[in-house]
Amino acid sequence: MEGWSLYDQAGHRKYLTGDERRVFLRAARKQAPEVRTFCRVLCETGCRVSEALALMVDQVDLDARMIVFESLKKRRSGVHRAVPVSEAMLTALDDAHGIAAALAAGTSSARLWPWCRMTGYRRVKEVMEAAGIVGPHATPKGLRHGFAIAALEKGVPLHLVQKWLGHASLATTAIYGDAVGAEERKIASRLWQ
């Protein structure tokens, strides 16, 4: 990630703000249940598109209230991470995908979204367009970056954000601390008084 930045070559940000994330989720609620849940998982967990698409029913742990992702960016398989999720997220997933019923019936090895990576990408772009979000940040990766920044702005420790994103190095996660957050704006506002 050497040289990686939260801004593109023209200085445009590559992450969604909190307001944009809320608008995105509002637009996603108007979509079909499978699109709605896919967008919500990306936005609220910071996972990669490929990691969401690889999710099996039994990787949604209703009792522990978490989703277990396989870190597909690793050079080897079998590296998993658990990301805590809200009760509302679990309810939405269960309603749309019948998770509890599938687990009870022993049919828990089905994928939640039987799409290819490009279809998942297109679904997110369609919701971004419906939400009126345009620019280099209007991508699934923009959702991932936005999740990390939101977590840090809310005071989530850097090592937990690292774990939830599946980063091997804390230095990679620390890049998100460079975003101008509410605290930095508050400090800077002292100059404007």
Side-chain angles (χ1 to χ4, degrees), residues 4-57 59-60 62 65-70 72-73 83-99 102 110-154 156 161 164-166 175-176 179-182 185:
W4 183 80
S5 171
L6 290 171
Y7 300 91
D8 69 8
Q9 293 287 348
H12 302 116
R13 66 184 157 78
K14 297 190 287 189
Y15 61 90
L16 272 71
T17 64
D19 286 341
E20 288 169 332
R21 292 174 75 234
R22 282 186 284 282
V23 169
F24 174 80
L25 287 173
R26 226 179 353 261
R29 282 196 291 271
K30 297 175 185 171
Q31 305 298 314
E34 66 275 4
V35 174
R36 179 173 50 245
T37 56
F38 181 69
C39 289
R40 188 166 183 178
V41 164
L42 290 174
C43 190
E44 294 183 25
T45 67
C47 71
R48 297 172 180 95
V49 168
S50 57
E51 292 169 341
L53 291 174
L55 273 178
M56 302 291 192
V57 170
Q59 290 173 285
V60 178
L62 297 174
R65 289 189 225 139
M66 54 183 50
I67 298 176
V68 180
F69 295 99
E70 183 172 7
L72 297 177
K73 191 127 187 212
V83 179
V85 294
S86 69
E87 194 68 43
M89 162 89 78
L90 293 172
T91 300
L93 285 168
D94 191 27
D95 289 348
H97 302 278
I99 291 170
R111 285 179 35 206
L112 293 180
W113 301 281
W115 305 332
C116 69
R117 194 169 187 277
M118 198 62 219
T119 299
Y121 182 87
R122 274 195 300 266
R123 296 297 172 262
V124 171
K125 290 295 283 181
E126 291 162 1
V127 175
M128 290 284 184
E129 187 176 309
I133 302 169
V134 296
H137 57 292
T139 64
K141 191 82 154 191
L143 287 170
R144 180 171 167 81
H145 296 328
F147 167 83
I149 290 167
L152 291 173
E153 285 181 340
K154 297 287 186 186
V156 175
V161 178
W164 296 343
L165 292 176
I175 291 168
Y176 293 107
V180 178
R185 276 190 289 277

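If you're wondering where the values come from, they're calculated on a predicted model, not measured in any experiment.
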Spatial distance of atom [atom1] ([X]) from atom [atom2] ([Y]) [nearest 0.5 Å]:
| X | Y | atom1 | atom2 | answer |
| --- | --- | --- | --- | --- |
| I149 | K154 | CD1 | NZ | 13.5 Å |
| H12 | Y7 | NE2 | OH | 11.5 Å |
| K125 | M118 | NZ | CE | 9.5 Å |
| T17 | R22 | OG1 | CZ | 7.5 Å |

Residues forming a ring-ring contact (aromatic ring centres under 6.0 Å, His included) with F38, sequence neighbours excluded =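 Listed in chain order: W113, W115.
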For [X] and [Y], which heavy atoms make the closest approach, and how far apart are they?
| X | Y | answer |
| --- | --- | --- |
| I67 | L55 | CG2-CD2, 3.6 Å |
| V49 | P140 | CG2-CB, 3.3 Å |
| A131 | V23 | O-CG1, 3.4 Å |
| A92 | T37 | O-CG2, 3.7 Å |

So does [Y] get a backbone contact from the side chain of [X], meaning a donor-acceptor N/O pair under 3.5 Å?
| X | Y | answer |
| --- | --- | --- |
| R123 | C39 | no |
| Q59 | V68 | yes |
| R144 | G46 | yes |
| R36 | R29 | yes |

Could you tell me if the side chain of [Y] sits less than 4.5 Å from the side chain of [X], heavy atoms only?
| X | Y | result |
| --- | --- | --- |
| L53 | S50 | no |
| V41 | C47 | yes |
| M56 | L112 | no |
| R40 | S86 | yes |

Greater than 12 external heavy atoms within 6.0 Å of R65's CZ |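 No, because the 6.0 Å sphere around CZ of R65 holds 12 heavy atoms or fewer from other groups.
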Apply side-chain contact (heavy atoms from CB on, under 4.5 Å) to L25 and R21, showing your working.
-> CA-CA 6 Å; L25 287 173; R21 292 174 75 234; 5.5 Å; no
Output, in order, the C-alpha distance, side-chain angles, deciding distance and verdict of side-chain contact (heavy atoms from CB on, under 4.5 Å) for L93 and V85.
-> CA-CA 11 Å; L93 285 168; V85 294; 5.9 Å; no
Assess whether side-chain contact (heavy atoms from CB on, under 4.5 Å) is satisfied between L16 and I133, documenting all intermediate values.
-> CA-CA 9 Å; L16 272 71; I133 302 169; 4.1 Å; yes
Parallel, tilted or perpendicular: which fits the ring planes of F147 and W164, with parallel below 30° and perpendicular above 60°?
->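 Judged by the thresholds at 30° and 60°, the geometry between F147 and W164 is tilted.
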For H145 and H137, run side-chain contact (heavy atoms from CB on, under 4.5 Å): C-alpha distance rounded to whole Å, both residues' side-chain angles, the deciding distance at 0.1 Å, then the answer.
-> CA-CA 9 Å; H145 296 328; H137 57 292; over 6 Å; no
